[in-house]
Amino acid sequence: MKAELTFDAKAALGEGPVWDAKSQSLYWVDILEKRIYAGSRVVAQLERFVGCLAPRRGGGLLAALSDGAGSSFLVDLQVDSSQQSVLAAVSESANTRFNDGKCDPAGRFLAGTMAMNETDPAGALYSFDGKRVTKLFEGVTISNGLTWSPDCKTFYYIDTPTRKVQAFDYDLAAGQIANPRPVIQVPISLGWPDGMTSDTDGNLWIAMWGGAQVAKWNPKTGKLLEQIPIPALQTSSCIFGGKDMNELYVTSARKGMSEENLKKYPLSGGLFKVETKVTGMPAFEFTRAYAK
Ligand code: BGC
Ligand code: CA
């Protein structure tokens with residue numbers, strides 16, 4: 001498998017890729033540049049950090065925005081007009097922002113937060129059903145990859161500095177998690193586990209921050225199955241897309257890189273595509289009605 005550059009975005013912090021089946025396009029964000037892209041096109045330039053987003057079934061996007069000082073918002077965003085309406089507010093006492101998030105298979109939106117300094121365990125993971133925001137757990141340092149097993153009964157989650165993938169039982173009807181257990185331990189030689197997605201075989205594809213690769217794992221055995229080199233050092237997230245759902249899209253970041261590493265990885269901040277032999281789980285849309 002070979003990574004192909006699809007857009008040399010030079011993103012400061014490319015993140016949150018999501019395949020929109022309706023428009024057959026890839027939405028993703030540059031968190032620090034406060035920008036939303038569809039492919040190579042900027043579709044929204046915002047005033048707050050945008051951590052992640054999800055396409056909404058009826059059109060438009062649900063986006064997780066933060067001021068970086070503990071005030072975050074889930075907003076309905078119309079991409080053409082950039083019109084926003086706040087659906088819910090999330091307040092935290094530390095200087096935090098939203099990071100990775102996505103919809104569950106029942107159309108709720110789950111998103112996590114992290115401290116701006118990336119070291120305080122001041123973040124949490126939240127679930128939004130259109131009416132209420134529920135905190136699923138707290139004490140998170142860098143809330144990152146999240147995904148579900150093909151039968152939707154298991155939820156996988158990464159808090160990057162733990163170097164672990166945790167599995168939880170997932171109650172899809174109630175949106176609740178239980179029974180946390182570590183299923184993958186990532187060695188330092190691969191980088192730091194960041195964004196994550198799953199394929200229809202139930203394997204996990206994890207972007208390795210600092211590792212210039214995406215790694216494929218079997219969460220049932222904890223074994224590393226495959227490594228796909230990406231010509232960007234800080235790979236941040238990945239998602240399956242394409243008309244046959246076999247293309248893996250990978251985001252990356254330039255922030256914090258040394259001059260030397262930027263020379264070595266000039267495409268850092270780019271958006272990449274890898275053709276795989278598997279099919280990915282679809283990106284789920286936000287299907288819940290908003291509370292009036
Ligand atoms: C965050 C970055 C962080 C990185 C590595 C990303 O998901 O957005 O701020 O540096 O993970 O932990
Ligand atoms: Ca990430």
Side-chain angles (χ1 to χ4, degrees), residues 9 11-18 26-37 46 48-54 63-69 72 92 94-103 109-126 140-147 156-166 184 186-188 190-198 204-215 230 232-240 248-258 261-262 265 268-272 283:
L13 182 51
E15 273 281 2
V18 46
L26 184 86
Y27 285 106
W28 61 284
V29 301
D30 184 334
I31 297 180
L32 298 179
E33 295 292 343
K34 307 173 177 168
R35 208 174 273 167
I36 300 176
Y37 287 91
L46 303 162
R48 296 188 174 94
F49 299 116
V50 51
C52 49
L53 56 82
L65 309 185
S66 305
D67 67 358
S72 291
E92 293 179 323
N95 291 339
T96 53
R97 65 161 167 84
F98 269 118
N99 199 42
D100 221 328
K102 61 176 62 148
C103 281
F109 188 64
L110 273 72
T113 55
M114 56 177 274
M116 294 298 287
N117 68 14
E118 307 201 352
T119 52
D120 298 339
L125 182 70
Y126 298 93
V140 175
T141 306
I142 301 180
S143 190
N144 242 320
L146 58 167
T147 194
Y156 298 105
Y157 177 76
I158 294 172
D159 177 2
T160 295
T162 66
R163 314 193 59 79
K164 281 187 185 70
V165 178
Q166 292 272 353
I184 294 168
V186 176
I188 187 81
L190 298 185
W192 296 87
D194 204 299
M196 161 170 70
T197 193
S198 35
L204 303 181
W205 298 65
I206 304 178
M208 302 303 309
W209 182 274
Q213 61 184 282
V214 171
I230 308 289
L233 183 60
Q234 298 175 158
T235 47
S236 54
S237 192
C238 54
I239 193 81
F240 283 96
L248 188 75
Y249 288 90
V250 184
T251 53
S252 66
R254 289 175 85 77
K255 71 147 186 154
M257 284 178 68
S258 66
N261 277 333
L262 285 172
Y265 298 97
S268 285
L271 176 69
F272 303 88

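Note that the coordinates shown come from a computational prediction; the quantities given were computed from them, not determined experimentally. Read the numbers this way: they start at 1 and go in the same order the structure lists the ligands and their atoms.
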Quiz item: Hey, does S66 have a side-chain heavy atom less than 4.5 Å from the side chain of T113?
Solution: no
Quiz item: Can you find a heavy atom in the side chain of L65 that is under 4.5 Å from one in the side chain of K34?
Solution: no
Quiz item: In chain order, what residues pass the side chain to side chain contact (heavy atoms under 4.5 Å, CB included) check against S236, with sequence neighbours excluded?
Solution: E15, D194, W209, T251
Practice problem: Using a cut-off of 3.0 Å, count how many protein N, O or S atoms are strictly closer to the Ca ion (ligand 2). | Solution: 5
Quiz item: Where the side chain of T235 meets the backbone of Q213, is there a donor-acceptor pair that is under 3.5 Å apart?
Solution: yes
Practice problem: Report yes or no: does K102 contribute a side-chain atom to a donor-acceptor pair with the main-chain N or O of L146 at less than 3.5 Å? | Solution: yes
Could you list each nitrogen or oxygen of ligand 1 that sits under 3.5 Å from a protein nitrogen or oxygen, with the atom names and the distance?
unit_1	atom_1	unit_2	atom_2	d
ligand 1	7 (O)	E15	OE2	2.6
ligand 1	7 (O)	N99	ND2	2.9
ligand 1	7 (O)	N144	OD1	2.9
ligand 1	7 (O)	N144	ND2	3.0
ligand 1	7 (O)	D194	OD1	3.0
ligand 1	7 (O)	D194	OD2	3.4
ligand 1	8 (O)	E15	OE2	3.4
ligand 1	8 (O)	R97	NH2	3.4
ligand 1	8 (O)	N99	OD1	2.7
ligand 1	9 (O)	R97	NH2	2.9
ligand 1	9 (O)	E118	OE2	2.6
ligand 1	9 (O)	K255	NZ	3.1
ligand 1	10 (O)	E118	OE1	2.8
ligand 1	10 (O)	E118	OE2	3.1
ligand 1	10 (O)	K255	NZ	2.9
ligand 1	11 (O)	N144	ND2	3.2
ligand 1	11 (O)	D194	OD2	2.7

Self-check item: Mutual orientation of the aromatic rings belonging to Y126 and F98 [parallel < 30°, tilted 30-60°, perpendicular > 60°]
Solution: perpendicular
Quiz prompt | Close aromatic pair by centroid cut-off 6.0 Å: W28 and Y249 | solution = no
Self-check item: All salt bridge (charged side-chain N to carboxylate O under 4.0 Å, His left out) counterparts of R163, not counting sequence neighbours
Solution: none
Self-check item: Distance, nearest 0.5 Å, that separates CG of D30 from CD1 of I36
Solution: 11.0 Å
